Engineer: 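Provided herewith is a single structure, encoded as structure tokens, for subsequent inquiry.
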Protein chains: 2
Amino acid sequence: MNNKPLLDYINIYINLTVEEKTILLSKIIHRNYLKGQYIVQQGDICKSANFIISGCTKTFYTNKEGQEHTVMFSVEDWWTSDLGSFITQTPADFNVQCLENTELIQFTFENLEELYTKIPKLERFFRKIIERAFVASQKRIIKNFSLAAKEHYLIFKETYPEIEQRVPQYMIASYLGITKEFLSKIKSQLIHDQ
Amino acid sequence: MNNKPLLDYINIYINLTVEEKTILLSKIIHRNYLKGQYIVQQGDICKSANFIISGCTKTFYTNKEGQEHTVMFSVEDWWTSDLGSFITQTPADFNVQCLENTELIQFTFENLEELYTKIPKLERFFRKIIERAFVASQKRIIKNFSLAAKEHYLIFKETYPEIEQRVPQYMIASYLGITKEFLSKIKSQLIHDQ
DNA sequence: AAATAATATTAATCTAGATTAACATCTATT
DNA sequence: AATAGATGTTAATCTAGATTAATATTATTT
């Protein structure tokens with residue numbers, strides 16, 4: 001069981017004793033998903049917060065017209081789940097699907113509640129994790145609101161340099177909130193611009 | 001000093017002892033702002049998390065073209081600040097301006113850090129506050145992405161029934177991410193529709 | 001290596017919402 | 001009550017990005 005990436009990550013925010021680490025590790029679940037499998041499905045209640053050991057996921061939702069909108073991509077050392085659904089234990093707004101074979105560490109809602117009482121320091125850790133998620137979410141709102149598609153695409157390339165190589169163009173278009181055809185247009189404009 | 005709304009609010013999430021309440025109250029600042037004044041300005045580091053006792057604020061930012069985008073409105077018993085800037089202590093993306101005379105309770109960054117060490121239970125409280133803010137922020141992304149302006153406006157009216165009466169139309173247009181002229185068009189369409 | 005499926009590009013046409021500008025109200029100040 | 005400033009509406013024109021559809025490329029299977 002490869003727990004090192006998770007423990008290293010936690011160690012950035014809080015210091016756990018050896019006993020605390022033992023308790024923590026007794027309450028996590030290792031799980032492997034294949035490419036294409038769903039970790040969370042829209043409408044289900046998201047049962048776990050998931051830390052990625054290896055692989056890549058996309059978080060998206062489908063509106064009533066059946067159009068997909070990609071909200072984020074996640075890779076190694078990131079969290080992936082419908083955090084809103086997990087927090088409130090209400091039906092998920094989002095799907096989380098594996099774009100590659102993906103290895104996760106899962107915290108179920110019940111296990112995490114238990115961990116909070118046994119290791120109160122974890123309140124601090126998850127406060128900080130959610131703070132970061134919140135900041136990212138706010139920045140996303142600003143981008144969607146104020147940037148033209150071309151600018152938004154350039155920022156995407158800076159923010160996620162690896163992801164453009166790892167996922168198909170139509171998913172990037174979906175992330176940017178534009179059609180794949182328009183993304184294609186933007187890219188050819190950028191080539192001719194220089 | 002009217003501390004009751006804050007203590008009632010905290011009591012929903014955690015139970016504080018009498019001593020803990022005393023410590024807490026010794027570390028807060030009451031502050032009154034006049035209509036039009038800024039609690040936070042874009043570019044400054046947001047120094048406090050602010051709980052509204054009375055009044056109303058808007059959170060907005062101005063892009064390089066000088067266009068204002070309203071991200072949220074806040075009223076009594078809500079929090080208002082650039083939480084992203086506060087959390088990371090980096091320059092604010094947003095302005096927070098009072099739309100009415102507004103009475104606040106302020107937690108400075110330093111006081112809050114001190115409170116976390118003296119009353120570790122507050123980690124839990126603020127974790128839950130930020131969880132809620134995060135959920136709201138995620139729902140906002142979905143709305144901006146997938147709804148046509150008319151639908152978005154109807155949801156706005158349901159979500160904030162009081163606010164439409166309390167703030168000018170052009171701010172609502174800014175919140176919806178459309179021009180005031182287009183909002184006007186939508187409203188007259190809705191009247192003729194029925 | 002051919003065939004099929006999946007993904008990407010190009011181009012023509014269409015539409016939601018922006019922009020501009022003229023006019024109408026409403027509110028506050030002298 | 002008259003004027004100025006802020007806010008709201010209507011209408012004409014314009015544009016970013018959507019839609020559709022045809023074609024090209026790339027990856028996967030037989």
Side-chain angles (χ1 to χ4, degrees), chain A residues 34-37 56 58 60 62-70 73 97-101 142-157 163-194, chain B residues 34-37 56 58 60 62-70 73 97-101 142-157 163-194:
Chain A
L34 296 174
K35 178 173 177 177
Q37 286 190 305
C56 176
K58 72 164 174 173
F60 69 102
T62 306
N63 68 12
K64 348 168 202 47
E65 282 87 39
Q67 294 150 335
E68 286 192 9
H69 294 274
T70 300
F73 298 106
Q97 187 181 23
C98 297
L99 302 177
E100 303 172 355
N101 292 346
I142 295 188
K143 279 184 229 161
N144 286 349
F145 242 124
S146 61
L147 298 181
K150 195 187 274 187
E151 274 178 292
H152 198 175
Y153 168 67
L154 291 171
I155 289 179
F156 162 80
K157 293 224 298 183
I163 284 182
E164 192 166 24
Q165 316 315 318
R166 279 169 85 168
V167 310
Q169 296 300 300
Y170 68 82
M171 282 187 199
I172 294 166
S174 165
Y175 173 86
L176 296 171
I178 59 177
T179 58
K180 59 196 194 316
E181 289 84 357
F182 193 59
L183 175 56
S184 212
K185 204 159 155 186
I186 286 172
K187 294 206 311 179
S188 79
Q189 275 172 19
L190 286 169
I191 290 163
H192 296 304
D193 278 2
Q194 355 157 101
Chain B
L34 296 173
K35 180 176 174 173
Q37 286 190 306
C56 176
K58 71 164 177 176
F60 69 101
T62 306
N63 67 12
K64 350 171 200 43
E65 283 86 38
Q67 294 149 333
E68 286 192 8
H69 295 272
T70 300
F73 297 106
Q97 188 182 23
C98 297
L99 301 178
E100 304 172 355
N101 292 346
I142 294 188
K143 280 184 227 160
N144 286 348
F145 240 125
S146 62
L147 298 181
K150 196 187 274 187
E151 275 178 289
H152 198 175
Y153 169 66
L154 291 171
I155 289 179
F156 161 80
K157 293 223 297 182
I163 285 179
E164 190 165 27
Q165 317 315 318
R166 279 168 86 171
V167 311
Q169 296 300 300
Y170 67 82
M171 281 185 200
I172 294 167
S174 165
Y175 172 85
L176 296 170
I178 59 177
T179 59
K180 59 193 194 317
E181 289 85 357
F182 194 59
L183 175 56
S184 211
K185 205 161 157 184
I186 285 171
K187 294 206 308 180
S188 79
Q189 276 172 16
L190 286 169
I191 289 163
H192 297 304
D193 279 0
Q194 354 157 99

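Owing to the predicted nature of the structure, the values given are computational and were not obtained by experimental measurement. Throughout, a chain's letter reflects where its sequence line sits, starting with A, and its residues are numbered from 1. Any value given below was found using the heavy atoms of this structure, including those in side chains, with hydrogens, waters and symmetry copies removed.
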Engineer: Return the value, rounded to whole Å, for the distance between atom NZ of B:K180 and atom P of D:dT9.
Structural biologist: 11 Å
Engineer: Ignoring backbone atoms, test whether A:Q189 places a side-chain nitrogen or oxygen under 4.0 Å from the OP1 or OP2 oxygen of D:dG17.
Structural biologist: no
Engineer: Distance check needed: D:dA18 C1' versus A:L176 CG, whole Å only.
Structural biologist: 15 Å
Engineer: Please check the phosphate of C:dT19 (OP1 and OP2 only) for any side-chain N or O of B:T179 closer than 4.0 Å.
Structural biologist: no
Engineer: Would you classify A:Y170 as touching base, sugar-phosphate or nothing, given that sugar-phosphate means primed atoms plus P, OP1 and OP2, and contacts are heavy atoms under 4.0 Å?
Structural biologist: sugar-phosphate
Engineer: Using every non-hydrogen atom in the two residues, find where B:L183 and B:A173 come nearest and quote the distance to one decimal.
Structural biologist: CD2-N, 3.7 Å
Engineer: Could you state the atom-to-atom distance from NE2 of B:H152 to P of C:dG17 in whole Å?
Structural biologist: 11 Å
Engineer: For residues A:K180 and A:M171, determine if any side-chain heavy atom of one lies less than 4.5 Å from a side-chain heavy atom of the other.
Structural biologist: no
Engineer: Atom CZ of B:F182 to atom P of C:dA16: distance rounded to whole Å?
Structural biologist: 8 Å
Engineer: Please report, rounded to the nearest Å, how far the P atom of C:dA16 is from the CG atom of B:N144.
Structural biologist: 19 Å
Engineer: Name the closest nucleotide to the B:A149 side chain, picking from C:dG17, C:dT10, D:dT7.
Structural biologist: C:dG17
Engineer: Assuming nearest nucleotide by heavy-atom distance, tell me which of A:L147 and A:E181 is located more 5' along DNA chain D.
Structural biologist: A:L147
Engineer: Round to a whole Å and report the spacing from CD of B:E164 to C1' of D:dT7.
Structural biologist: 15 Å
Engineer: Can you give me the closest heavy-atom contact between A:I163 and A:F73, atom names plus distance?
Structural biologist: CD1-CB, 3.3 Å
Engineer: To the nearest angstrom, how far is B:L99 atom CG from D:dA6 atom C1'?
Structural biologist: 15 Å
Engineer: Determine, step by step, whether A:I155 and A:K143 satisfy the side chain to side chain contact (heavy atoms under 4.5 Å, CB included) criterion, reporting the C-alpha distance in whole Å, the side-chain angles of both residues, the deciding distance to 0.1 Å, and the verdict.
Structural biologist: CA-CA 9 Å; A:I155 289 179; A:K143 279 184 229 161; 4.0 Å; yes
Engineer: Distance check needed: D:dT25 P versus A:Q169 CD, whole Å only.
Structural biologist: 16 Å
Engineer: Can you figure out which of D:dA18, D:dT7, C:dA8 approaches the side chain of A:K185 most closely?
Structural biologist: D:dA18
Engineer: When you look at A:F156 and A:E164, which way does the side chain to side chain contact (heavy atoms under 4.5 Å, CB included) test go after all the steps?
Structural biologist: CA-CA 9 Å; A:F156 162 80; A:E164 192 166 24; 4.2 Å; yes
